[in-house]
Amino acid sequence: MATLKEIAEAANVSVATVSRVLNDDPTLSVKAQTRQKILEAAERLEYKVAPSKRQSGQRLHFAALFTYTQGVEINDPYYLAMRYGIETQCEKLGVALSAGYDFNGDKALPAADGLLVIGRPQPALYEQLRQQETPVVFIDGVVEDERFDCVNVDLYKISRKVIDYFIGRGYQRIGFIGGRDDPAGIDQREQAFVEYGRQQNVVRAQDIYHGDFSSQSGYQCAKAMLQSKNGYPPALLVATDSIAIGVLRALHEHGIQVPGQIALISVNDIPTARFIFPALSTVRIPSETMGAQAVNLLAERLRDERAVPLSIFVPSSLQLRDTTVA
């Protein structure tokens, strides 16, 4: 029987295009003439298309495994937008979707054609996933493994971008307020901030504060910073907008002018960031796009039986508003 490669050569197109045409991919935009050439080549070479789930009337089923509790999603629109992107793209592709929260390796994995894992997995969950054959895509949780696809944002690049911005405006002391999912671990933003900031001689250990990723934690960290005998830095990178809301509350209560006495840049650009007073300067991460692209990766891997894992890094952009000096 002919192979996809032989049909692609006969029709003078890519193997991926052949696969998508023969599997009647609804997301493919291709000229009618090209589609006809592929179908004629397949018939001439006596290629037999194996019935897919969709061709046999069955829907694909994906399961979204959130590594955090639902309360985290409620308090952080970043994750809410990511889930919306997953749900919207599944609906577009006709994929059935189920979801569960607080997956950390202590419960059975659901039966599904593919798994979407949102957030950094705990070792126990990661080992569970390694032991099964269902395709997996990790979202917002970098995993280096030859079997898994990933969709991420470059948090190291974000920290460097913010430090460079502050240095370019003359700041020589920059602080950090962030959170940690694992008390024993360190968030990538914080790690990159410390490493790059020390290289640039603008970061001191005494100016690093962390709790969890809530506004309340940001409030408490900012209060501790303002009460420190070492004083406070005139510029801050805050790990998320949600944390920054708490930080701004503490600064306001202590009569600290923003950005006059402390300039501040946070991360995520949640919908309310521009309506907070003062409006947050922040790094925009398209989390909804991350969710949608993860669904696309999983659907494409199943459709084309791709063996090589792919990593997608979505771009980020600095949105300057009122918490930084113009």
Side-chain angles (χ1 to χ4, degrees), residues 14-17 19-20 25 27-28 60 62-68 78-79 81-90 92-93 95 97 103 105 109 112-123 125-162 181-182 185-193 195-196 239-240 267-269 283-318:
S14 69
V15 173
T17 300
S19 175
R20 296 176 70 178
D25 183 353
T27 67
L28 176 65
L60 285 174
F62 293 169
L65 311 183
F66 299 93
T67 61
Y68 42 83
Y78 172 77
Y79 290 111
M82 197 174 292
R83 176 166 65 83
Y84 180 75
I86 292 171
E87 292 174 347
T88 302
Q89 195 64 16
C90 281
K92 285 181 180 178
L93 299 182
V95 175
L97 178 68
F103 271 87
L109 297 175
D113 297 302
L115 301 175
L116 301 154
V117 180
I118 301 89
R120 181 171 293 277
Q122 294 296 319
L125 174 59
Y126 182 51
E127 188 58 32
Q128 264 189 309
L129 296 167
R130 285 174 53 87
Q131 297 299 322
Q132 54 86 54
E133 299 298 326
T134 306
V136 176
V137 178
F138 287 96
I139 314 172
D140 198 39
V142 177
V143 173
E144 295 182 1
D145 191 296
E146 67 276 6
R147 286 173 291 182
F148 300 135
D149 293 340
C150 297
V151 179
N152 289 292
V153 64
D154 192 339
L155 296 176
Y156 286 89
K157 184 176 181 180
I158 286 174
S159 292
R160 294 194 297 267
K161 182 185 299 184
V162 172
D181 292 317
D182 180 359
I186 182 170
D187 180 70
Q188 292 178 45
R189 279 158 288 201
E190 180 182 345
Q191 183 175 348
F193 178 85
E195 292 175 357
Y196 186 65
T240 70
V267 180
N268 288 346
D269 196 23
V283 180
R284 177 177 296 165
I285 297 177
S287 57
E288 183 178 332
T289 299
M290 293 173 69
Q293 289 306 310
V295 172
N296 289 339
L297 268 183
L298 194 51
E300 176 264 329
R301 185 159 195 167
L302 288 164
R303 182 193 65 226
D304 295 344
E305 298 182 350
R306 171 173 51 81
V308 178
L310 297 177
S311 292
I312 294 177
F313 280 84
V314 299
S316 60
S317 58
L318 187 57

Inset, instruction - Please indicate whether Y68 has more than 12 foreign heavy atoms, meaning atoms of other residues, nucleotides or ligands, lying under 6.0 Å from its OH. - result: yes
Legend entry - SB check D187 R189 (cutoff 4.0 Å): yes
Legend entry - Residue pair L97, R83: steps toward the side chain to side chain contact (heavy atoms under 4.5 Å, CB included) verdict: CA-CA 11 Å; L97 178 68; R83 176 166 65 83; over 6 Å; no
Inset, instruction - Indicate yes or no: at least one non-hydrogen side-chain atom of D140 is less than 4.5 angstrom from one of Y79. - result: yes
Legend entry - Considering all heavy atoms, the nearest S316-V153 contact: CB-CG2, 4.3 Å
Inset, instruction - Hey, could you give me the CE/CG distance between M82 and L116, rounded to the nearest 0.5 Å? - result: 11.5 Å
Inset, instruction - Find the distance between CD (E190) and CG (L155) and round it off to the nearest 0.5 Å. - result: 12.5 Å
Legend entry - More than 12 heavy atoms from other groups under 6.0 Å of NZ on K161: yes
Inset, instruction - Please name the pair of heavy atoms, one in A192 and one in S159, separated by the smallest distance, quoted to 0.1 Å. - result: CB-CB, 3.8 Å
Legend entry - I285 side chain reached by I158 side chain, heavy atoms, under 4.5 Å: yes
Inset, instruction - Determine, step by step, whether L60 and L93 satisfy the side chain to side chain contact (heavy atoms under 4.5 Å, CB included) criterion, reporting the C-alpha distance in whole Å, the side-chain angles of both residues, the deciding distance to 0.1 Å, and the verdict. - result: CA-CA 9 Å; L60 285 174; L93 299 182; over 6 Å; no
Inset, instruction - Please tell me if the side chains of L302 and P135 come closer than 4.5 Å, counting only heavy atoms from C-beta onward. - result: yes
Legend entry - N/O donor-acceptor pair under 3.5 Å between T67 side chain and I118 backbone: yes
Inset, instruction - Determine yes or no for a side-chain-to-main-chain donor-acceptor pair under 3.5 angstrom, with D149 supplying the side chain and L310 the backbone. - result: yes
Legend entry - Heavy-atom pair with the smallest gap, counting every atom of D154 and F313: N-CD2, 3.8 Å
Legend entry - Test item: F138 and C150 side chains (from C-beta on) under 4.5 Å apart, heavy atoms: yes
Inset, instruction - Heavy atoms only: give me the nearest Q293-V151 pair and the separation to one decimal. - result: C-CG2, 4.3 Å
Inset, instruction - Compute whether any side-chain donor of one residue and acceptor of the other, for E195 and Q191, lie under 3.5 angstrom apart. - result: yes
Legend entry - Which atom of R147 lies closest to which atom of R301, heavy atoms considered: O-NH1, 3.1 Å
Inset, instruction - Please report the closest heavy-atom contact between F62 and A112, naming both atoms and the distance. - result: C-CB, 4.2 Å
Inset, instruction - Drop me the distance from T134's OG1 to D113's CG, to the nearest 0.5 angstrom. - result: 8.0 Å
Legend entry - Atom pair CD/OH of Q131 and Y126 - distance to nearest 0.5 Å: 11.0 Å
Inset, instruction - Return each pair, listed once, that meets ring pair (Phe, Tyr, Trp, His ring centres under 6.0 Å) where at least one residue sits in residues 287-310; pairs must be two or more places apart or across chains. - result: none
Inset, instruction - Evaluate the side chain to side chain contact (heavy atoms under 4.5 Å, CB included) criterion for residues V283 and L318: first the C-alpha distance (whole Å), next the side-chain angles of each, then the deciding distance (0.1 Å), finally the verdict. - result: CA-CA 4 Å; V283 180; L318 187 57; 3.8 Å; yes
Inset, instruction - Output the distance between atom CD1 (I139) and atom CD1 (I86), rounded to the nearest 0.5 Å. - result: 4.0 Å
Inset, instruction - Applying ring pair (Phe, Tyr, Trp, His ring centres under 6.0 Å), name anything that partners F193, two or more places apart in sequence or on another chain. - result: F176
Legend entry - Step-by-step side chain to side chain contact (heavy atoms under 4.5 Å, CB included) determination, L125 to L109: CA-CA 9 Å; L125 174 59; L109 297 175; 4.0 Å; yes
Inset, instruction - Could you tell me whether the side chain of Q132 and the main chain of L129 form a donor-acceptor pair under 3.5 Å? - result: yes
